[in-house]
Amino acid sequence: MLLPVLQFPDARLREKAVPIERGQIDDALRKLAADMAETMYDEPGIGLAATQVGVAKRLVVMDLDWTDEGERNPRILLNPEIVRAEGITTSEGEGCLSVPDFKSDVERSARVIVKARTLDWEEVEFDATGLESFCFQHEIDHLDGVLFIDRVSKLKRELYVRRRKKQLRRELEEQSAGSSGG
Ligand SMILES: [Zn+2]
């Protein structure tokens, strides 16, 4: 089932997600993870955090190299945590399914070591660089209520916020014109 992805400035994107305990892994959580993966492929994206679908739990799905024709093996991670970060680099042209019509370079750690749990409560660890590392940082930020626009310059962010507000106002006007004018 496809889930609606919340969009900036929805306040729920700012919630800090809570850790998932072993006893909370049930069919509902498995279904949520499967639905999140389906939604990620549909959008399309390479990562999605539960925060983005209005669930304040520390759950993310990721798949860096899926294709329309190929096999899909979404990584489903509970309680992902950066245990070590090294170096500084630029993530070029980063974007977000929750931040429509905006892309920007973002300063990120060059390498991260991430620990997480699977749905079977297995402990997994990743040593990531490049796109994989940026994706981890971006999704874990979501779980803390942080968006990538928080990591760009104030000027860039303010310009985007202004543009986005204008766009939302226009959509609202079009909706009300449509409903009254038929
Ligand atoms: Zn995002």
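For the single chain, residues carry numbers from 1 onward in sequence order. Atoms within each ligand, like the ligands themselves, are counted from 1 in listed order. These figures come from a predicted structure and were not determined experimentally.
For Glu171, the CD atom counts as densely surrounded, since its 6.0 Å shell holds more than 12 non-hydrogen atoms of other residues, nucleotides or ligands.
Considering CZ of Phe8 and CZ of Arg14, their distance stands at 6.5 Å, rounded to 0.5 Å. The structure places CZ of Arg163 at 10.0 Å from NZ of Lys166, a figure rounded to the nearest 0.5 Å.
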Expected list for residues 41-48: side-chain donor-acceptor pairs under 3.5 angstrom, two or more places apart:
residue	atom	partner	partner atom	Å
Tyr41	OH	Asp63	OD2	2.5

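Considering only heavy atoms from C-beta on, Leu13 comes within 4.5 Å of Gln52 through its side chain. By the 4.5 Å heavy-atom criterion applied to side chains, Phe102 and Glu94 are not counted as neighbours.
Only protein N, O or S atoms were scored, and 3 of them lie under 2.8 Å from the Zn ion (ligand 1).
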